[in-house]
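Convention: sequence-line order gives letters A, B, ...; per-chain numbering from 1. Given the structure is predicted, the values throughout are model-derived calculations rather than measurements.
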Amino acid sequence: MSEYNHREIEQKWQQFWEDNQTNRVEINQSKPKFYVLDMFPYPSGAGLHVGHPLGYIASDIYARYKRSKGFNVLHPMGFDSFGLPAEQYAIQTGQHPALTTEQNIARYIEQLKNLGFAYDWKREVRTSDPGYYKWTQWIFSELFNSWYNNKTDQAEPIETLTQEFAHRGNGRVDAVCDEETPHFTALEWKAMSEEEQYKMTLNYRLTYVADATVNWCPGLGSVLSNDEVKDGVSERGGFPVEQKLMRQWMMRITAYAQRLIDGLDTIDWTESLKEQQRNWIGRSVGAMVKFGIDGHAERNIEVFTTRVDTIYGVTFMVLAPEHELVAQITTAGQQAEIDAYLEKTKRKSERDRMADVKTVSGAFTGAYAINPFNEEKVPIYIADYVLAGYGTGAVMAVPSGDQRDWNFAKHFDLPIVPILDAQQNTDTEADATKEGKYINSGIIDGLTYAEATPVLVAWMEERKIGKAKINYRLRDAVFSRQRYWGEPVPVYYKKDSNGEPLPYLLPESDLPLELPPVDKYLPTETGEPPLGRAEGWKYHGQYEYELSTMPGWAGSSWYWYRYMDAHNNQEFASPEAINYWRDVDLYLGGTEHATGHLLYSRFWNKFLKDRGYVPEEEPFKKLINQGMIQGRSSFVYRFRLGISHRQGAGTALKELIPANALPAVFISKKKYDLWRRQTEGGSSYYDPEVVGVREEVNLLIKKLEENIREKYPERVGYVSIPTGEYSATDLHVDVNIVENDVLDIEKFKTTRPDIAGENAKFILEDGKYICGVEVEKMSKSKFNVVNPDDIVERYGADTLRLYEMFLGPLEQAKPWNTNGIDGTYRFIRKFWRLFYNDNGDWLVTDETPTKDELKVLHKTIKKVQEDIESFSFNTAVSAFMVCVNELGSLKCHKKAILSELVVLLSPYAPHITEELYAALGHEAGTLALATFPIWQQEYVTDDVFEYPIQINGKVRATISFPLDTVPADIQNEVLANETVQKWLDGKTPKKVIVVPKRIVNVVL
RNA sequence: GCCGGGAUGGUGGAAUUGGUAGACACGCAGGACUUAAAAUCCUGUGAGCCGAAACGCUCGUACGGGUUCGACCCCCGUUCCCGGUACCA
């Protein structure tokens, strides 16, 4: 092998790894385990672009590094292969989503293999594979068969609940369950029929059917979860979303709200990510208070408040328009007004409601609530600023302390009563202070905030009109999707004694419940989900199956366990595998999963732990978010040419001449900016550069005009360009034909046949066409997508891997710019030339390395190790470059140095290092078994330190001293130094600071 | 509005966390090799000033202040950018 040939080398080793199963991994009790995981990719039809592998490269480097440090490393890859895009495509083309998904995955795998990742491909999983989703269905079943016991603070099998029912009824059960669950005794329980008992348990199960207000998306024909809705439209596709009451499968994630918050303190994630989860769960500490209703002795309004202390400042109540009491308490006189308001809110979309935060609106019900503390009657309003889905859907309004209440009070001219002596200006705005002492506040007058709350809560609890309560923003998760391409829910329906359908679970022996074929991937005529189309799809030929499928997050909420034992068809993974691999030590992925995948996964994990299937409370110990790679779009500027016609021609402009007779004129970026400046007026008009461009453009236009007029003398008058920012259109140009912002004009012409040949004019600068640049999202429509395959073809995977890491800190968002890649490519070739000269001669010798060479090597080992440990991959790449540059200058070709360096670099550039490792005489493929080099202090430390000598904090000289020089000696010598003497100018310094191995500062 | 992150040469970025700001790389300029180009190698490259030269000077890490012998780093205030979130009672 003479010259470095990345194609040959990379292909050879990728084949070798595959043939020899080099990256195969098995349980090995004699080694510590380490689990590195990348977030589950969805295999989209567009394939990978250079942004995707960023995290995969980082995790691969880390995994290989850990392996060389003696860990048994699990580093798998697989596919979250159910999902909307494949189904949308199926709807359009009629192709089965399984087929397109299969093709997309094949393409992904090919691309991933091209990059040389050390995945154990034998462990690959796909959520849409029945062998996989059997276990997703199984976990669903386990959830169905469990309830949440608040006393033990964990999920338990439903049997422990029914045993308790038989023993003592549900009086002492403290469970997370439906609000309306009735009380019953053991006797009553035993008196129930089996069906009645079963129905009762449905109130407790961790997955259950309920009528829920859901995000209905007509455009997708499906329900979406909160995290799939952004700004009132669907995250995928951007279709409008509306609120609708539907019968849905739900997951009782709220049972885990507190544990989901507490667990965050035990894991190493970024603070911002944890904060997002905390906000999403939205814990607030407060109290429930019951207000009576005047004239409705049997009813009351329950409110949740975080400020019970302000209860004497309540001057009105507000209910959500959807609140169930509205219909019952509205007086005859106010009925019309309330109806009108309800009608108005219903028509407002969620989006309008959000956009319209400023406007105050509401309507009076005519009814009055009674404040239990002072028996005062306050009017009850409805208003859409109160959300039905939060708390109880009712608010006690304290206008002196809450700005929204204040706005409402002002608008409807309601009283504003201050309740703390520290409150200020309550007639111009609300003051939410907790300072001062209470006034106008009955039993808490004169107390402080800290004193008042316990008094109020005790008072309420005594009278059973309220209690302390912790409320969460988190809602139970809707689990049904009215779609085809997802896991079927393993449930069938039997008619109960009233003829109503009652859900029953499929037994485990009937799993997996496979997706049936359908003729179309659309809802049925009657509005049933697509599964309703499946011919004869019935349980035991007679019972209706559940027709909705599971949401996208179902399959990804437990997948990391499947990798531990990917082919097990007895269990989702064997206890042996689970207890060995336990949890993910390093999880890498984007922030977009902050409140979706990462929350649901933690939920399912906690559930599986409660039920004894897994050992760890938290599944992902450390998590790193790689920054998004943005696109860097290139632009060309095309003048908008206007043609005037000869007077009296009377023809529409576009008919004057054929469209292609008018050339396209493109102007280079800098000149375009200058051209635009001519309208700014002032001095720029006379700027010679501006004048120069103006003349150049006008000359060209004049020439064009003459040419055209020659051909169409009777029609064309003159050609002109508007001035200012409207003079040209900026057009995206494919970044792959632009290098260092210089447009490849020939390629540009071939991609745009309409402007080929003579039909395009380019106004250049320095003989080049320079494109404009903007950072945007990477997408096809912006022509800024860079395909890793192209880069690999041209520079090789090793170079791409190094370059992606070199680009900057892993966690930072950055635009992709291929410009710098030559630097890493040069580095790789320089590295190669330490082993081979240009004639292909082997240069490596067995000579003993010098001290300098050892220092270069060990310095690099130290730096690279520290950088990998702190995930600072970009600086590690620099360290390699420095190292190779220095070894190059030292003309070092010594085996003792180079073989260590090869191992050191192997996590970053696995192919070239395998090749050279073998060339150094090692058995092929054994690099994976090599141990990470260990740096030695003796080679790294210098004997002298070069002290920067500052005068008043500015460096004026440097002087070297042996490391063990005492500060007094340093000071003496520094003061004697010529440069220092010059600055001292005969004076005595005020102070001399000597920091050993750092700096000397002489203060004048 | 609130929460989180950030702002350093023409560009991507570095700086042992209070101790020589700009490592490394791109780009650019000049040179060597070559008939030429590519590749490769060498030199220079924050801005400005002085100069024959200097391991000369001044300014310089978004802006304004402060603490310190010494500040990209700590504190106070301001501007802008990115991400998240939003009537949450």
* Say you pick atom P in B/C26 and the same atom in B/G18; how far apart are they, in whole Å? -> 32 Å

* Assign A/L807 to base, sugar-phosphate, or nothing according to its heavy-atom contacts below 4.0 angstrom with the strands shown. => sugar-phosphate

* Would you say A/R278 reaches B/C3's phosphate, i.e. side-chain N/O to OP1/OP2 under 4.0 Å? -> no

* What does A/K954 touch in the nucleic acid at a heavy-atom separation under 4.0 angstrom: a base, only the sugar-phosphate, or nothing? -> sugar-phosphate

* Asked: Does any N or O in the side chain of A/D867 come within less than 3.5 Å of the main-chain N or O of A/A876, such that one atom is a donor and the other an acceptor?
  -> yes

* Looking at A/E271 and A/R278, does any basic side-chain N land under 4.0 Å from a carboxylate oxygen? -> yes

* **Among A/H6, A/K830, A/R794, the one residue meeting side-chain contact (heavy atoms from CB on, under 4.5 Å) with A/Y825** => A/H6

* Taking atom P in both B/U8 and B/A14, compute the distance separating them and give it to the nearest angstrom. => 11 Å

* Any strand: nucleotide that pairs with B/A32 via Watson-Crick or wobble, under 3.5 Å -> B/U40

* Mind running a 4.0 Å heavy-atom check of residues 861-883 of chain A against RNA chain B and sending the residues that fall below it, in number order? => A/N874, A/T875, A/S878, A/M881, A/V882

* Hey, does A/N279 reach any base, or is it just sugar-phosphate, or nothing, if we go heavy atoms under 4.0 Å? -> nothing

* Check the chi torsion on B/G6 and let me know: syn if it falls within 90° of 0, anti if not. => anti

* Asked: Over how many whole Å does the gap from A/K469 atom NZ to B/C88 atom C1' extend?
  -> 14 Å

* Asked: Heavy atoms under 4.0 Å, any strand shown: does A/Q276 hit a base, just sugar-phosphate, or nothing?
  -> sugar-phosphate

* Closest to the A/N819 side chain, choosing from B/U40, B/C26, B/U16 -> B/C26

* To do: Using the P atom on both, measure B/G60 against B/G10 and round to a whole Å.
  => 16 Å

* Expressed as a whole number of Å, how far does the P atom of B/C82 sit from that of B/C28? -> 30 Å

* Asked: Do any side-chain nitrogens or oxygens of A/R829 fall under 4.0 Å of OP1 or OP2 in B/U40?
  -> yes

* Asked: Considering only the P atoms, how many Å lie between B/G6 and B/U16, rounded to the nearest integer?
  -> 15 Å

* **C1' gap between B/G22 and B/G12, integer Å** => 13 Å

* Asked: What is the distance, rounded to the nearest whole Å, between atom CD of A/Q981 and atom C1' of B/C55?
  -> 18 Å

* Asked: Taking NZ, NE, NH1 and NH2 as the nitrogens, is one of them in A/E765 or A/K669 under 4.0 Å from a carboxylate oxygen of the other?
  -> no

* **Under 3.5 Å donor-acceptor, A/K814 side chain and A/P809 backbone** => yes

* Check RNA chain B against residues 395-406 of chain A and give the residues with a non-hydrogen atom under 4.0 Å, in numerical order. => A/V395, A/R404

* To do: Verify, without hydrogens or angle tests, whether A/D431 (side chain) and A/T426 (backbone) share a donor-acceptor contact under 3.5 angstrom.
  => no

* Under 4.0 angstrom, heavy atoms only, what part of the nucleic acid is A/K830 near: base, sugar-phosphate, or nothing? -> sugar-phosphate

* May I ask you to say what A/W983 touches in the nucleic acid, namely base, sugar-phosphate or nothing, with a heavy-atom cut-off under 4.0 Å? => sugar-phosphate

* Asked: Does the separation of the ring centres of A/F316 and A/F408 fall below 6.0 angstrom?
  -> yes

* **Flag for A/R283-A/Q258: side-chain donor and acceptor within less than 3.5 Å** => yes

* To do: Considering only NZ, NE, NH1 and NH2 on the basic side and carboxylate oxygens on the acidic side, decide whether A/E866 and A/K862 come within less than 4.0 Å.
  => yes

* Sticking with atom P, work out how far B/G84 lies from B/A62, rounded to a whole angstrom. => 25 Å

* Structure fact -> Heavy-atom nearest nucleotide on RNA chain B taken for A/F945 and for A/A957; more 5' hit belongs to A/F945

* Asked: When all nucleic acid strands are considered with a 4.0 Å heavy-atom cut-off, which category describes A/Q812: base, sugar-phosphate, or nothing?
  -> sugar-phosphate

* Asked: For A/P809, which contact category applies under a 4.0 Å heavy-atom criterion: base, sugar-phosphate, or nothing?
  -> sugar-phosphate

* To do: Please confirm whether the backbone N or O of A/S400 pairs with a side-chain atom of A/Q423, one donor and one acceptor, at under 3.5 Å?
  => yes

* Structure fact -> Regarding B/U79, purine or pyrimidine glycosidic angle vs 90° from 0 gives anti

* Base, sugar-phosphate, or nothing for A/N885, non-hydrogen atoms under 4.0 angstrom? -> sugar-phosphate

